[in-house]
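Everything on this sheet refers to the single structure shown next.
Because the structure is a prediction, the values reported are computed rather than measured.
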Amino acid sequence: MKMKTLMGSVALATLLVMSSGCDDSGSEEKKETIGAVDNSAAKKAAFLTTYADIALASYTDALNDAVVLRSALATFTSTPTADTLEAAKDAWRASRETYLQTEIFRLSGTPIDSEGLDDNSWVTAAYGAPEGEMNAWPLNEGLIDYQIDESGALTTGNIIDGTLSAGDINVSVPITEALLSSLNELDDDASNVATGYHAIEFLLWGQDQDYQNGTLTDNVTSGAKTAGERPLSDYTTGDEVRRKAFLLASADKLITDLTTVRDAWNKDVDGDKGAYRAAFLNKSTMPSYNLSS
């Protein structure tokens, strides 16, 4: 229903703007034109309000499903079985689908990515433009966990095994939300993804080597041609403690970021919460930030 309302507002606003631009000479026609201009302003306000309401609802749904995902991951990591793994995958699929519905708000200078705005925009300062921490793709799987190399051996030097070389960052410490955030896009490489939906996806499904279902030839690895069939033993032996910690910390990060973006669209203003919506609807001035530091 909201989407229909949005589309209806667009159509009406367009018609009214077009009518206000007509060259009318009669007094009655001029009055109608003036009325159309006033009505157009009202329709514009309604349009923007509907847009903001849809954004709030969409990010609320994504956040709620991320919380469900976190719960499923907690169940799986505490009791790793084939059933709890499948339940975690189902929760990921559901949360991913909900998040995808929010992607219409990208690339438009909103709190999700501030795309098109100056790097010193107050929007970026307030909300951090977290899209790259939630949704970056493709990812360097070898940064997160083992891969099967060209000889069929497992690679090392990743976050899970704690031997990754990451400058001043001590990767061998327990995996936390803060650690993963510090490692995302390591060395300014966009493929070094350490957080978000796709990092969780890789930890649940494992390396995708399914080249038989496409036109690609596997010239990199000699492993089994499987489409993401991570063994359950990854969560019962070896580095299972750090793998479990990675899953939970990643989910915590998702919840943190989605909460930030959702709150930016809140109807009530409390500091940064609701500030973007208020500015978007032209109901307040933009917050003041020291952007020179």
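For residues 167-189, there are no salt bridge (Lys or Arg N to Asp or Glu O under 4.0 Å) pairs, not counting sequence neighbours. Among residue pairs with one or both ends in residues 67-90, those qualifying as salt bridge (Lys or Arg N to Asp or Glu O under 4.0 Å) are Arg70-Asp252, Glu86-Arg93, Asp90-Arg93; sequence neighbours excluded.
Residues meeting the ring pair (Phe, Tyr, Trp, His ring centres under 6.0 Å) test with Tyr235, sequence neighbours left out: Phe76. Partners of Ser181 under the side-chain hydrogen bond (donor to acceptor under 3.5 Å, both in side chains) rule, at least two apart in sequence or in another chain, are Lys253. With sequence neighbours excluded, the residues that form a side-chain contact (heavy atoms from CB on, under 4.5 Å) with Ser182 are Ile169, Leu179. Annotation: side-chain contact (heavy atoms from CB on, under 4.5 Å) contacts of Asp263 (sequence neighbours excluded): Thr259, Asn266, Lys273. Shown here are the side-chain hydrogen bond (donor to acceptor under 3.5 Å, both in side chains) partners of Glu103, two or more places apart in sequence or in another chain: Arg106, Asn135. For the salt bridge (Lys or Arg N to Asp or Glu O under 4.0 Å) test, residues two or more places apart in sequence or in another chain that qualify with Asp234 are Arg230. Legend: residues meeting side-chain hydrogen bond (donor to acceptor under 3.5 Å, both in side chains) with Thr81, ordered by chain and number and at least two apart, are Thr84. Residues passing the salt bridge (Lys or Arg N to Asp or Glu O under 4.0 Å) test with Glu141, sequence neighbours excluded: none. A search for side-chain contact (heavy atoms from CB on, under 4.5 Å) contacts involving Ser233 returns Pro231, Thr236, Thr237, not counting sequence neighbours. Not counting sequence neighbours, the partners of Ser114 by the side-chain contact (heavy atoms from CB on, under 4.5 Å) test are Leu117, Val123, Thr124, Ala129.
In the hydrophobic clustering of ILVMFWY residues, with side-chain heavy atoms under 4.5 Å counting as a link, Trp92 and Leu85 come out together. Transitive grouping of hydrophobic side chains (ILVMFWY, heavy atoms separated by less than 4.5 Å) brings Leu281 and Trp122 into a common cluster.
Centroid-to-centroid, the aromatic rings of Phe280 and Trp265 come within less than 6.0 Å.
More than 12 heavy atoms of other residues, nucleotides or ligands shown are found within 6.0 angstrom of CG on Asn170.
Just one of Leu164, Ile160, Asn158 meets the side-chain contact (heavy atoms from CB on, under 4.5 Å) condition when paired with Leu143; it is Leu164.
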